[in-house]
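Contents: one structure, followed by commentary.
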Amino acid sequence: EAQVTQNPRYLITVTGKKLTVTCSQNMNHEYMSWYRQDPGLGLRQIYYSMNVEVTDKGDVPEGYKVSRKEKRNFPLILESPSPNQTSLYFCASSLGGSQPGELFFGEGSRLTVL
Amino acid sequence: TQLLEQSPQFLSIQEGENLTVYCNSSSVFSSLQWYRQEPGEGPVLLVTVVTGGEVKKLKRLTFQFGDARKDSSLHITAAQPGDTGLYLCAPKKGNNRKLIWGLGTSLAVNP
């Protein structure tokens, strides 16, 4: 089954404790992206990757890091989480290329930073 | 600056009713996608429209891209409880791959 898998789905942590949210896709997609979704602000892009070893900042990259060492994986790293990073996070992937493509989303990771 | 406006923000209707939700902007878009997000899940693509004036149908859902490619509408006929969710429009400008996300219309269809 074609899917984007995120882990963990739910996490409660404390300020400053480094964490990683993993994302893996099994569709051989070139493009991957991380979003956060907050009430009243909608979906905002954090980072994206056009291909392996190629990553770029989205609209709200501060406080986050990413890496793309393999095509299928795109982990999101919070080196020192703060309460304002409490949010619902989505990883998404698409085939790539210049034409508008379908974004496939994971089920989301709800993060609470105390 | 909010480039995109979706209306209404919230909509609660009875099963069997018809409804239309809107996605408006002053910008011209190269294409526009509609996604539906159900509670506890990620958004799922419903349709992509590319040509001004284009109309696409997906069962009881009818999507239209404005002639000037600045706006779009989604019409649902005889809504069902399974249509409940957050409807998001996501257009693109020019050759930029990046999607612009609206805040969505939250639809509740009551049995």
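Since this is a predicted model, take the numbers as computed values, not measurements. Per chain, numbering begins at 1; letters A, B, ... match sequence-line order.
Ranked by non-hydrogen atom pairs under 4.5 Å with chain A, the options G40(B), P43(B), G42(B) are led by P43(B).
At a heavy-atom separation below 4.5 angstrom, chain B is approached by F105(A), G106(A), E107(A) within residues 104-114 of chain A. Within residues 32-48 of chain A, the residues that have a heavy atom under 4.5 Å from a heavy atom of chain B are Y35(A), Q37(A), G40(A), L41(A), G42(A), L43(A), Q45(A), listed by number. Within residues 75-83 of chain A, no residue has any heavy atom closer than 4.5 Å to a heavy atom of chain B.
Placement of V60(A) and L99(B) in two distinct hydrophobic clusters is found when ILVMFWY residues are connected by side-chain heavy-atom separations under 4.5 Å, directly or transitively. Y64(A) and L11(A) fall within a single hydrophobic cluster, where Ile, Leu, Val, Met, Phe, Trp and Tyr side chains are chained together by heavy-atom contacts under 4.5 Å. Taken together through direct or relayed side-chain contacts under 4.5 Å among Ile, Leu, Val, Met, Phe, Trp and Tyr, I13(B) and V21(B) form part of one hydrophobic cluster. Cluster membership for Y87(B) and I100(B), using ILVMFWY side-chain heavy atoms within less than 4.5 angstrom, is shared. Note on V44(B) and L88(A): separate hydrophobic clusters, where clusters join Ile, Leu, Val, Met, Phe, Trp and Tyr whose side-chain heavy atoms are under 4.5 Å apart, directly or indirectly.
Here the NZ atom belonging to K98(B) is positioned 3.0 Å from the CG atom belonging to D59(A), to the nearest 0.5 angstrom.
Within 6.0 Å of CD in Q3(A) there are more than 12 heavy atoms belonging to other residues, nucleotides or ligands.
The two residues W101(B) and L103(A) make their nearest non-hydrogen contact at CZ2-CD1, 3.9 Å. When all heavy atoms of Q37(B) and F90(A) are compared, the pair lying nearest together is NE2-CZ, 3.3 Å.
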Side-chain donor-acceptor pairs of residues 53-66 of chain B under 3.5 Å, sequence neighbours excluded:
from	atom 1	to	atom 2	distance (Å)
E54(B)	OE1	V50(B)	N	2.7
E54(B)	OE1	T51(B)	N	2.9
K56(B)	NZ	T48(B)	O	2.8
R60(B)	NH1	T77(B)	O	3.2
R60(B)	NH1	A78(B)	O	3.2
R60(B)	NH1	D83(B)	OD2	2.9
R60(B)	NH2	D83(B)	OD1	3.0
R60(B)	NH2	D83(B)	OD2	3.2

